[in-house]
Amino acid sequence: MLRRKYRLMWEPTNTPEADRVRKLHQLLERGLAPYPNRVQRTHSTAEARSAFEAEENENRETPEPVEVTVCGRIVRQNLKGKVYFAHIEDGDGRIQLFVRIDNVGDDTFAMIKNELDLGDFIQAGGTMMRTRTGEVSVMVHDLILLSKALSPLPIIKEQTTGDGEVKRFGAFSDVEERYRQRYADLAVNAESRHIFRQRARTVSALRSFLDNEGFLEVETPILQPIYGGAAARPFITHHNQLHQDLYLRISFELYLKRLLVGMYDAVYEIGRDFRNEGVSYKHNPEFTQLEFYKAYTDYFGIMNLTERMLAYAAQQVTGSTTIVFGEHTLDLTPPWQRITLRDAIRQYSGIDYIDYPEADALHRVMQEAGVETPKGATWGRLVDTLLGTVVEPRLIQPAFILEYPRDISPFAKTVPGDETHVERFEIFVGGMEMGNAFTELNDPVDQEARFIEMERLYSDEDDEATPIDEDYLHAMRYGMPPCGGCGIGVDRVVMLLTNRSTIREILLFPHLRER
RNA sequence: GGGCGUGUAGCUCAAUGGUAGAGCAGUGGCCUUUUAAGCCAUUGGUUGGGGGUUCGAGUCCCUCCACGCUCACCA
């Protein structure tokens, strides 16, 4: 019966796999379950170690025996005739098993010798001890297989030198394979596992910061009948029964601000945005966004909150507000540098865009300065190009860039007495844009005019046109409190705090082309 | 989409246009405190796919695929 159940549909593709399949059949013939249902773990590897060390410290003279049953994946093994050493690893760490044929009996030892491979999960019961060299180990008297690994994992060997430095041999380092088979990367590369723990801590730090500031966490639609809140091409999908096209959201902005109309004073959402655009070291088609909106404040209030929030996250994740990113040391301790976009561009390029109020003139002076310009760009787009090419790469230490051209910011209030600029800032750290914030526009008449303006500006590039969201205008006509809001690219923050130069390293399953 | 680069055994990597190799993993031995264990023997390849040049191609050329870096795009 067992044999029939294990008739393989899958063909081993190489000798190591064929060997393991043979061992699977050998186990079945001996009546041993290769994937049993029940486990009886009493200690994680770390708990077993600390229980033993505690006993050693308490009863130095006559320590009581410490009995444990530990489980884990075999990551190193060494069969020496009638003795078998193995390191097993679980989520906590590793521990060595010391198995003598006298302690486990001939049958179990034969199983170890003939059927056990690196990568298998096993359960081992025994007594804690130290080997001759002092390594804390389990002297095993019971050992069973928990899960047979049919494909070999990449083997990584490590040597700890005298100064505690770990040398690695045969590391699984092929970048593409690490992304395509993230499970294998995580299984063998502890530092990859570490990155995603750091990622979780980052998200949880942002969340707890905002919770403590009185923000309410909300969830708004991912499938939207009208997309908006940013300028990006959307992914389009379809609801069959409603016969309706839907868009995967490109931002949360318009839904969160509806909630301020609904009398929540402060809301935030952490979730996925989708943009149908290019992939790069800092772009993935789906990415994690944090947006938060607060009533009765403006973009200065949001600035203060944001720098405190990111400093808090850095402290929680790395233990310091000073972090290493590539070749730079970044100090996230508030307050951060604040400089207007106009001054920043003037400082880094010598161009004062106020002197060139027409797109043609600005275009010309940019060409003279050797800045490549996008075709048919509006004046605002040109200013933004200057920001991206001239300023952004130089903004290593955290900085707020303030006051943006009005025509590229349809959801922000204008600067009093300056119709060409809006109260908007972007956050730059490590040469990357981290976030974008405004004193939010709450004037429904102005907002409608902006929508129409945007529609006109982009009508000839239909895939970037921003559709008018009538329902959003309707909400705003009920009255929206004055407010400030901000969007933070969570993936980029994680890149900073984990010191990774590409977004793919901090996404568990980054987008890759189909093979 | 453009430019540059990479792709060889399960993993990490070698190989002037001239017989495709090593270490680890695997397989068969020896070994009752090893830890990159060791020793002896040994299996393993459509050199990313396809086409071309050549007496002969992993190597040179063309093309396709994937990945990396970079530029463009991403208000």
Side-chain angles (χ1 to χ4, degrees), chain A residues 12-20 22-23 75-87 94 96-103 109 114 117-119 129-135 137 139 150-161 166-181 184 188 229-233 250 275-285 287 372-375 377-385 387-389 404-412 422 424 426 433 436 454 457-458 461 463-464 466 501-502 504 510 512-515:
Chain A
T13 56
N14 52 53
T15 351
E17 284 179 347
D19 284 330
R20 285 161 184 249
R22 174 177 55 74
K23 291 172 182 180
V75 293
R76 182 185 77 86
Q77 61 177 0
N78 178 14
L79 183 65
K80 276 176 57 77
K82 298 190 172 62
V83 178
Y84 171 75
F85 291 92
H87 278 101
R94 292 182 179 190
Q96 179 169 260
L97 306 181
F98 175 38
V99 183
R100 279 202 290 220
I101 192 167
D102 301 344
N103 292 340
F109 206 83
N114 298 318
D117 285 301
L118 287 170
M129 47 91 66
R130 279 182 192 271
T131 60
R132 190 178 285 164
T133 53
E135 178 165 352
S137 308
M139 172 83 83
L150 296 182
S151 295
L153 280 168
I155 307 303
I156 298 184
K157 297 220 166 190
E158 294 177 346
Q159 183 183 32
T160 312
T161 57
V166 178
K167 277 191 189 172
R168 315 193 88 206
F169 304 85
F172 180 46
S173 57
D174 183 287
V175 175
E176 181 180 353
E177 288 308 318
R178 283 183 47 238
Y179 297 156
R180 286 198 191 275
Q181 303 189 52
V188 301
R233 273 174 277 180
I250 58 172
R275 297 190 181 174
N276 206 338
E277 288 163 357
V279 176
S280 81
Y281 74 94
K282 53 182 180 179
H283 295 90
N284 195 64
F287 62 99
E372 283 194 40
T373 51
K375 272 183 292 225
T378 62
W379 184 80
R381 284 282 296 275
L382 289 172
V383 171
D384 194 59
T385 302
L387 169 64
T389 55
Y404 280 66
R406 182 176 179 279
D407 67 349
I408 54 172
S409 314
F411 301 108
V422 294
R424 170 181 176 184
E426 289 188 316
E433 182 194 336
N436 183 19
M454 292 310 290
L457 279 175
Y458 291 97
E461 310 168 45
D463 53 350
E464 282 188 17
T466 311
S501 59
T502 91
R504 291 182 162 188
L512 297 174
R513 246 177 263 267
E514 246 182 316
R515 214 165 8 198

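Owing to the predicted nature of the structure, the values given are computational and were not obtained by experimental measurement. Here is how names work: the chains are called A, B, and so on, in the same order as the sequence lines, proteins then strands, and each is numbered from 1. Below, all heavy atoms of this structure are taken into account, side chains as well, without hydrogens, waters or symmetry copies.
In plain terms, the two heavy atoms of A/Arg424 and A/Ser409 that are nearest each other are NH1-OG, 2.8 Å.
Remark: P of B/U32 and NZ of A/Lys82 are 5 Å apart, rounded to the nearest angstrom. Atoms CZ (A/Phe172) and P (B/C13) sit 11 Å apart, rounded to a whole Å. As a whole-Å value, the separation of A/Lys282 NZ from B/C73 P is 12 Å. Put simply, CG on A/Asp174 is 10 Å from C1' on B/U12, counting in whole angstrom units. For the pair A/Leu387 CG and B/C74 P, the interatomic distance rounds to 13 Å; values are reported in whole Å. Note: CZ (A/Arg100) to C1' (B/U33) measures 8 Å, nearest angstrom. B/U12 atom P lies 8 Å from atom CD of A/Glu177, rounded to whole Å. The CG-P distance, from A/Leu512 to B/C65, rounds to 16 Å in whole Å.
Pairing for B/G10 goes to B/C24, judged as Watson-Crick or G-U wobble with the two contacts each under 3.5 Å. Nucleotide B/U46: unpaired (no Watson-Crick or G-U wobble partner with both distances less than 3.5 Å). When Watson-Crick and G-U wobble pairs are counted only if both distances are under 3.5 Å, B/U16 pairs with no nucleotide at all. Pairing of B/G68, defined by two Watson-Crick or G-U wobble distances under 3.5 Å, is identified with B/C4. With both pairing distances under 3.5 Å, B/A37 is matched to nothing as a Watson-Crick or G-U wobble pair.
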Requested in this report: List the steps and the verdict of side chain to side chain contact (heavy atoms under 4.5 Å, CB included) for A/Val422 and A/Phe411.
Outcome: CA-CA 9 Å; A/Val422 294; A/Phe411 301 108; over 6 Å; no
Requested in this report: Determine, step by step, whether A/Arg504 and A/Asn284 satisfy the side chain to side chain donor-acceptor pair (under 3.5 Å) criterion, reporting the C-alpha distance in whole Å, the side-chain angles of both residues, the deciding distance to 0.1 Å, and the verdict.
Outcome: CA-CA 8 Å; A/Arg504 291 182 162 188; A/Asn284 195 64; 5.3 Å; no
Requested in this report: May I have the step-by-step check of side chain to side chain contact (heavy atoms under 4.5 Å, CB included) for A/Phe98 and A/Glu135, ending in yes or no?
Outcome: CA-CA 10 Å; A/Phe98 175 38; A/Glu135 178 165 352; over 6 Å; no
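In this model, the phosphate group of B/U27 is approached by a side-chain N or O of A/Lys23 to a distance below 4.0 Å at OP1 or OP2. At B/A75, none of the side-chain N or O atoms of A/Arg424 fall inside 4.0 Å of OP1 or OP2 (strictly under the cut-off).
Residues satisfying the salt bridge (charged side-chain N to carboxylate O under 4.0 Å, His left out) criterion with A/Arg275, sequence neighbours excluded, are absent altogether.
Using a 4.0 Å heavy-atom distance criterion, A/Pro410 is classed as a base contact. No contact: A/Arg94 has no heavy atom under 4.0 Å from any strand. Across all strands shown, A/Thr502 has heavy atoms under 4.0 Å from sugar-phosphate atoms exclusively, and none from any base. Contact annotation for A/Glu17: no contact, since no heavy-atom pair falls under 4.0 Å across all strands.
Considering only the side chain of A/Glu176, B/C67 comes nearest among B/C67, B/U33, B/C74. Residue A/Asp19 places its side chain closer to B/G26 than to any other of B/U34, B/U32, B/G26. Of the candidates B/C74, B/G10, B/C67, B/C74 carries the atom nearest the A/Arg381 side chain, counting heavy atoms from C-beta on. Closest to the side chain of A/Arg180, from the set B/C67, B/A75, B/U33, is B/C67. Picking from B/A25, B/C73, B/A75 the nucleotide with the shortest atom distance to the side chain of A/Ala231 gives B/A75. Comparing B/C67, B/C11, B/U33 by their nearest atom to the side chain of A/Arg504 picks out B/C67. In the set B/A66, B/G68, B/U34, the nucleotide with an atom closest to the side chain of A/Val175 is B/G68. In the set B/U70, B/U32, B/C74, B/U32 carries the atom at the smallest distance from any side-chain atom of A/Ile101.
Judged by atom type and distance alone, A/Gln96 reaches the base of B/U34 through a side-chain donor-acceptor pair under 3.5 Å. At a cut-off of 3.5 angstrom, the base of B/U12 holds no donor-acceptor pair with the side chain of A/Ser173. Side-chain N/O atoms of A/Asp102 and base N/O atoms of B/U32 include a donor-acceptor pair closer than 3.5 Å.
Nucleotides B/C4 and B/A22 place their C1' atoms 31 Å apart, quoted to the nearest Å. B/U63 and B/G1 have their P atoms separated by 15 Å, with the value rounded to a whole Å. Spacing of P atoms, B/A66 relative to B/G49, comes out at 15 Å, to the nearest Å. Rounded to whole Å, the separation between the C1' atoms of B/U8 and B/U27 comes to 23 Å. Atom name C1', nucleotides B/G2 and B/G58: the rounded distance is 29 Å, in whole Å. Rounded to whole Å, the separation between the C1' atoms of B/U19 and B/U34 comes to 41 Å. Remark: the separation of the P atoms in B/U46 and B/C11 is 12 Å, to the nearest Å. Remark: the separation of the P atoms in B/A15 and B/G21 is 15 Å, to the nearest Å.
Put simply, the side chain of A/Val279 reaches to within 4.5 Å of the side chain of A/Pro285, judged on heavy atoms. A 4.5 Å side-chain heavy-atom check between A/Phe109 and A/Leu79 finds at least one atom pair inside the cut-off. In this structure, A/Lys157 and A/Arg76 have side chains that are not in contact, with every pair of non-hydrogen atoms separated by 4.5 Å or more.
A/Asp407 contributes atom CG, which lies 10.0 Å from atom CG of A/Asp384 (distance to the nearest 0.5 angstrom). Rounding to the nearest 0.5 angstrom, the gap separating the CG atom in A/Leu512 from the CD atom in A/Glu176 is 7.0 Å. The CD atom of A/Gln77 lies 4.5 Å from the CG atom of A/Leu118; values are rounded to the nearest 0.5 Å.
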Strictly under 3.5 Å: I want the nitrogen or oxygen pairs between protein and nucleotides 40-50 of chain B, one per line.
none

Atom pairs, N/O to N/O, protein against nucleotides 36-39 of chain B, distance under 3.5 Å?
unit_1 : atom_1 : unit_2   : atom_2 : d
B/A37  : OP1    : A/Lys157 : NZ     : 2.2
B/A37  : OP2    : A/Arg76  : NH1    : 3.4
B/A37  : N7     : A/Asn78  : OD1    : 2.5
B/A37  : N7     : A/Asn78  : ND2    : 3.4

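If you find the closest nucleotide of RNA chain B to A/Thr131 and to A/Asp384, the one lying nearer the 5' end belongs to A/Thr131.
Taking 4.0 Å as the cut-off between side-chain N and carboxylate O, A/Asp19 and A/Arg22 count as a salt-bridged pair.
Side-chain contact of A/His87 with A/Glu158: a donor-acceptor pair under 3.5 Å is absent, judged by distance alone.
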